2 protein chains.
Amino acid sequence: MSLPHAILTALLEKPSSGLELTRRFDRSIGYFWSATHQQIYRELGKLEADGYIRALPSEAPTRGRKKSYEVLAAGREELARWTSAPQDPRPWRDALFVRLRASAVVGTTGIEDDLRRHLTLHQRQLREYEEIEERDFGPGKDAPQDRLQHLILRAGIDLETFWTQWLTNALTEFERLPDDAESTGEPPAHG
Amino acid sequence: MSLPHAILTALLEKPSSGLELTRRFDRSIGYFWSATHQQIYRELGKLEADGYIRALPSEAPTRGRKKSYEVLAAGREELARWTSAPQDPRPWRDALFVRLRASAVVGTTGIEDDLRRHLTLHQRQLREYEEIEERDFGPGKDAPQDRLQHLILRAGIDLETFWTQWLTNALTEFERLPDDAESTGEPPAHG
DNA sequence: GGGATCATGTAACTTGTTACATGATTGC
DNA sequence: GCAATCATGTAACAAGTTACATGATCCC
């Protein structure tokens, strides 16, 4: 149930239309909770039906006409409630590790190229985050109200750093592996 | 489309019944792709219908009777195809960061306790992974065919290390924050 | 008036979650 | 025979993905 609350947060920061939200989910918010415009419109409809947000008064609300939303008191209360309520971390899923484990059984052909490609993508993302950090949180820009934003950005930087290091290490490991290593049978139990 | 391929991998490692798979998804495989028994039974049905796996011959296949599956040639081929095909990394989503960003708008009340709780959970998971590493990949146990498994485990260790460090840092940051810091308005754009 | 683009949607599908149902086996 | 547990499922729903539809506006 994070998407509606991410939208409430975005709308509290600044009332927006669906498309404006979509654009904000392509950059800052999307760095930790991505969403497509279809999801956003659907969720806006629900939030309005639930009385958490309302469309700012304008002309006839039809297709193709821009429609901006603002958060109502009930919406702010719901967001505060959700934010302070305990939540377990979700089990994480990553297809790359499924593929690696599969390649221990059916062979590693082809996967190495994709690891290299992923490395490039993560290096690019890391650089992007670091540029944002320098621009927005450089020396003398550490206002207290920005600390939380900075903390979130640091998580992004640290995670991309993890990926670049792990992928670099994995590729080194692959060079040492016998060509197209293929093993069968149960691997160590891991727990 | 990772779940069917994770199941094919597991069945190639060792033919199993639905419940046995469920148990394996609770430990080793579940560390990077979790699944409930309902998902697994549904997927087993599809994989069988697609001709990728088959039930090992036994008595009448009814409810309550154990049913084991093995992978057919077509299943192995599909797994090899999927494993070697390029795949983009999925956009990652983490509710904790949504909550942190929300707390910059509606206040940080309550979230600190949950950060502490998450820290404990991640420390516990990290310890578990490290014990597995020592047991299965300790000195003298680095057979080439285990290298891929070790690589995956290292990713888990590194990720949990990231979490414990980041959460520790975040909690320190919270102590420095003015009580129940609450800011309004658009934060820095971050991109 | 026609194409680009801005803007809001619908529909169908896949994947993951939650709650519940039912049969078989084992130990008492 | 009955409770516990092993084992396989169904149903309903929530969330995310992909493809497509349609109206409004701007600029030539």
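In what follows, chains carry the letters A, B, and so on, assigned in the order in which the sequence lines appear, proteins first and then strands, with residues in each chain numbered from 1. Since the structure is predicted, the reported quantities are computational estimates derived from the model, not experimental observations.
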Sort me out a list of protein N/O and nucleotides 3-5 of chain C N/O pairs below 3.5 Å, or just none if empty.
none

Sequence-distant partners of [X], side chain to side chain contact (heavy atoms under 4.5 Å, CB included), two or more places apart:
| X | value |
| --- | --- |
| A/Pro89 | B/His118, B/Leu121, B/His122 |
| B/Thr168 | B/Leu119 |
| B/Glu77 | B/Ala73 |

Requested in this report: Sequence neighbours left out, what passes salt bridge (Lys or Arg N to Asp or Glu O under 4.0 Å) with A/Arg81? Give chain and number order.
Outcome: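 A/Arg81 satisfies salt bridge (Lys or Arg N to Asp or Glu O under 4.0 Å) with A/Glu78 only.
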
Query raised in the report: If an axis is fit to five pairs at each end of the helix from C/dG1-D/dC28 to C/dC28-D/dG1, what is the angle between the two, to the nearest 10°?
Result: 10°

Query raised in the report: Can you find an N or O donor on one side and an acceptor on the other, under 3.5 Å apart, linking the side chain of A/Arg42 with the base of D/dG16?
Result: yes

Query raised in the report: Can you tell me how far P of C/dT14 sits from CG of B/Leu47, to the nearest Å?
Result: 14 Å

**Report entry** A/Lys46 NZ - D/dC13 P separation (whole Å)
**Finding:**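 Result: 13 Å.
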
Query raised in the report: Between D/dT8, C/dG16, C/dA7, which nucleotide gets closest to the side-chain atoms of A/Tyr41?
Result: C/dA7

**Report entry** DNA chain D: 5'-proximal contact among B/Arg93 and B/Arg23 (nearest heavy atom)
**Finding:**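 The 5'-side residue here is B/Arg23.
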
**Report entry** Most 5' of A/Gln38 and A/Met1 on DNA chain D, judged by nearest nucleotide
**Finding:** A/Met1

Query raised in the report: What nucleic acid atoms does A/Ser17 come within less than 4.0 Å of, heavy atoms only: base, sugar-phosphate, or nothing?
Result: sugar-phosphate

Query raised in the report: Mind checking whether A/His150 and A/Phe137 have parallel, tilted or perpendicular rings, split at 30° and 60°?
Result: parallel

Report task. Give me the ring orientation class for A/Trp166 and A/Phe97: parallel if the planes are under 30° apart, tilted from 30 to 60°, perpendicular past 60°. Result ->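 If you compare the ring of A/Trp166 with that of A/Phe97, the planes turn out perpendicular.
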
